[in-house]
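Structure, as structure tokens:
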Amino acid sequence: MRVEGLSVALRPRSQSEACDLGLALVRAHAGSIWRCFTPVLLAVTALALCTVDSLGWLPLLILFWLKPWLDRVLVFVLARAVFGEATRWPDLWRARRQVLGGQLLRTLLWRRFSPWRAYTQAIEQLEGQRGSARRQRRRLLLNDNRGAASALQTAFVHAEAVLVYGLVALLWWFAPEHQNAGIWDWFVNPEQHAGGQLGFDLVMALSYAAVVLFLEPFYVAAGFAMYLNRRVALEAWDIEQEFRHAFA
């Protein structure tokens, strides 16, 4: 075989392929991700559960509303993982002002319902731009990618709902056969059973927290990988990374 007869053909990576790379990034750096994400989520869940006596639906709302703030922890860990750096709790704690205290109002108000939140999170958090420069940067990266980013959001919203209801349904599936009807009736009319509405609200909140703990890193990583893929297309960012590794 003659070496000069070989050729390499490069092609742009699709955003769906980029999502796959994001999921692979989670698997490769699972220790760093859950080591930092779990304590923060557990603290938020504990505080949210303190409100269950007042309003049964409030813990779910708090967890739902704070997810973009929790995602900042994940972006911080993933950004370091791209450079091959492991992240431990002390690393996150040293950067807590930047990670957990930055852009609080933007994160919890108008960005909460963004249909491409995971895709644009890195622009907001890592690039450090403000005002019109940030808006222009978002428009540039979103150009021709709004559909893919919205599809990512839609897919994970449905996956989250399925996992929550599936986790709650385990109570019915694993109940003794003669108690199935009672468990189902408790789902439908919780206030008429032992444990009542409070028990049902606790089950729903804890199930939702467990699903967020498992699923949110994959959602954020998929959006982050789409962001990196867009930067590769615009800036050949992967070549820069190769130089960084070569001369490290």
Side-chain angles (χ1 to χ4, degrees), residues 15 18-19 21-23 25-26 28-30 32-41 43-44 63-143 145-146 148-150 152-153 156 212-213 215-235 237-238 240-241 244:
Q15 290 291 39
C19 288
L21 291 179
L23 303 184
L25 188 64
V26 173
H29 297 272
S32 292
I33 289 170
W34 275 284
R35 185 164 51 223
C36 295
F37 184 58
T38 303
V40 180
L41 178 61
V44 170
L63 288 170
F64 169 79
W65 207 274
L66 290 182
K67 280 201 299 181
W69 181 73
L70 295 169
D71 291 348
R72 294 180 64 86
V73 174
L74 296 170
V75 171
F76 173 74
V77 176
L78 292 168
R80 291 167 57 91
V82 169
F83 292 96
E85 298 181 44
T87 305
R88 301 183 183 278
W89 176 255
D91 301 319
L92 176 62
W93 185 251
R94 283 192 294 269
R96 64 189 182 279
R97 292 183 181 274
Q98 173 193 355
V99 177
L100 300 175
Q103 301 176 329
L104 197 58
L105 290 179
R106 288 179 58 81
T107 300
L108 298 181
L109 295 179
W110 53 88
R111 292 198 64 247
R112 178 60 195 85
F113 294 102
S114 170
W116 36 74
R117 174 167 54 86
Y119 179 59
T120 59
Q121 179 78 27
I123 304 172
E124 303 281 344
Q125 184 173 340
L126 301 178
E127 296 195 3
Q129 301 184 64
R130 297 178 178 272
S132 61
R134 179 168 54 200
R135 290 192 293 271
Q136 291 174 7
R137 179 67 170 170
R138 289 180 74 253
R139 282 196 296 268
L140 176 63
L141 268 70
L142 280 169
N143 187 33
N145 285 271
R146 286 179 171 84
S150 299
L152 172 70
Q153 179 99 337
F156 274 88
V212 170
L213 177 63
L215 194 62
E216 197 70 7
F218 292 99
Y219 165 67
V220 175
F224 184 65
M226 289 174 61
Y227 159 80
L228 294 181
N229 189 49
R230 179 63 171 156
R231 286 196 60 182
V232 167
L234 293 173
E235 307 159 8
W237 190 77
D238 56 342
E240 176 187 346
Q241 298 308 102
R244 286 178 181 271

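Values below: all heavy atoms of this structure, side chains included; hydrogens, waters and symmetry mates excluded. Keep in mind that this is a model prediction, so the values were computed, not measured.
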Distance-only donor-acceptor pairs under 3.5 Å for side chains of residues 76-90, two or more places apart:
unit_1: R80; atom_1: NE; unit_2: T87; atom_2: OG1; d: 2.9
unit_1: R80; atom_1: NH2; unit_2: A86; atom_2: O; d: 3.1

Salt bridge or not for E124 and R138, using N-O below 4.0 Å?
->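 So E124 pairs with R138 through a salt bridge.
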Could you give the distance from [atom1] ([X]) to [atom2] ([Y]), rounded to the nearest 0.5 Å?
{"X": "Y119", "Y": "F224", "atom1": "OH", "atom2": "CZ", "result": "12.5 Å"}
{"X": "R231", "Y": "L141", "atom1": "CZ", "atom2": "CG", "result": "8.0 Å"}
{"X": "N145", "Y": "W116", "atom1": "CG", "atom2": "CH2", "result": "11.0 Å"}
{"X": "S114", "Y": "L142", "atom1": "OG", "atom2": "CG", "result": "7.5 Å"}

Flag yes if more than 12 heavy atoms outside R139 fall under 6.0 Å of its CZ atom; otherwise flag no.
-> yes
Quick one: does F218's side chain get under 4.5 Å of L74's, heavy atoms only?
-> no
Distance-minimising heavy-atom pair for [X] and [Y]:
{"X": "R106", "Y": "W110", "result": "CG-CZ2, 3.1 Å"}
{"X": "R230", "Y": "L140", "result": "NH2-O, 2.8 Å"}
{"X": "A225", "Y": "A18", "result": "CB-O, 3.0 Å"}
{"X": "T120", "Y": "R111", "result": "OG1-NH2, 3.3 Å"}
{"X": "V212", "Y": "P217", "result": "O-CD, 3.9 Å"}

Please tabulate, one pair per line, all N/O donor-acceptor pairs under 3.5 Å involving side-chain atoms of residues 63-73, not counting sequence neighbours.
unit_1: W65; atom_1: NE1; unit_2: L108; atom_2: O; d: 2.6
unit_1: K67; atom_1: NZ; unit_2: E160; atom_2: OE1; d: 3.3
unit_1: K67; atom_1: NZ; unit_2: E160; atom_2: OE2; d: 2.7
unit_1: K67; atom_1: NZ; unit_2: Y208; atom_2: OH; d: 3.4
unit_1: W69; atom_1: NE1; unit_2: L100; atom_2: O; d: 2.7
unit_1: D71; atom_1: OD2; unit_2: R117; atom_2: NH1; d: 2.4
unit_1: R72; atom_1: NE; unit_2: V99; atom_2: O; d: 2.5
unit_1: R72; atom_1: NH1; unit_2: Q103; atom_2: OE1; d: 3.1
unit_1: R72; atom_1: NH2; unit_2: Q98; atom_2: O; d: 3.0

Under the side chain to side chain donor-acceptor pair (under 3.5 Å) test, which residues partner R94, sequence neighbours left out?
-> D91
By side chain to side chain donor-acceptor pair (under 3.5 Å), Q153 pairs with (sequence neighbours left out) Y219
Residues that R135 engages under salt bridge (Lys or Arg N to Asp or Glu O under 4.0 Å), provided they are two or more places apart | none
Under the ring-ring contact (aromatic ring centres under 6.0 Å, His included) test, residues paired with F37 that sit two or more places apart = none
Among I33, V75, L215, whose side chain to side chain contact (heavy atoms under 4.5 Å, CB included) with V220 holds?
->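 One option only clears the test, and that one is V75.
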